[in-house]
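A short worksheet on the structure shown next.
Please read these numbers as outputs of a predicted model, since none were measured by experiment.
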Amino acid sequence: MAQVRKTTHSRKTTARKNTSARRSAARKRTKRAAPKRWSQRVTKESDALDLKRGVFKLTSPRKIAASLKRSAEHSARRKSGAYRSALSMLTFYINRAGKTLPKTQRERLEKAKVELKRAFGRE
């Protein structure tokens, strides 16, 4: 009769350990996805306004306000009044840019708020 060799552990646990080791190695190799830019998506796909491209890069606060007003009045996607939508989109852009927004650009956008109020007759 053949002699049976005794081991300290069964083959099943060894196979299980190897499988879990392969899984964790695969997880480590998988490249993490880039973080989602939700604020960028909001400005592009939001129901607030259909914005003209580069509106916040304009050099004149009056032009920025006029463009926002035109967009707000012609947008079919906004849910609230034109003034409210335009002002909230401008404020959203200022807040999302945060500390990275240059001082001159921030001042220009703050002046655009005043111009927007003037354009809608809400002084």
Might you confirm whether atom CZ of R84 has over 12 heavy atoms from other residues, nucleotides or ligands at distances under 6.0 Å?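 No, not enclosed.
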
Distance, nearest 0.5 Å, that separates [atom1] of [X] from [atom2] of [Y]:
| X | Y | atom1 | atom2 | answer |
| --- | --- | --- | --- | --- |
| R62 | K111 | CZ | NZ | 12.0 Å |
| L109 | E115 | CG | CD | 12.5 Å |
| K63 | L68 | NZ | CG | 14.5 Å |
| R108 | T104 | CZ | OG1 | 5.5 Å |
| L90 | F56 | CG | CZ | 5.5 Å |
| L116 | I64 | CG | CD1 | 10.5 Å |

Which heavy atom of [X] sits nearest a heavy atom of [Y], and at what distance?
| X | Y | answer |
| --- | --- | --- |
| A86 | A72 | CB-CB, 4.0 Å |
| A97 | T100 | O-OG1, 2.6 Å |
| R106 | I94 | NH1-CG2, 3.3 Å |

For A66, side-chain contact (heavy atoms from CB on, under 4.5 Å) partners two or more places apart: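 Once residues adjacent in sequence are excluded, A66 has no partner under the side-chain contact (heavy atoms from CB on, under 4.5 Å) criterion.
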
Could you pull out all residues at least two apart from E107 that satisfy salt bridge (charged side-chain N to carboxylate O under 4.0 Å, His left out)?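 If we apply the salt bridge (charged side-chain N to carboxylate O under 4.0 Å, His left out) test to E107, skipping adjacent residues, there are no hits.
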
With under 30° as parallel and over 60° as perpendicular, where do the rings of Y83 and F120 fit, or are they tilted in between?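 Perpendicular, since the angle between the ring planes exceeds 60°.
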
Residues that S80 engages under side chain to side chain donor-acceptor pair (under 3.5 Å), provided they are two or more places apart: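 Expected list: S85.
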
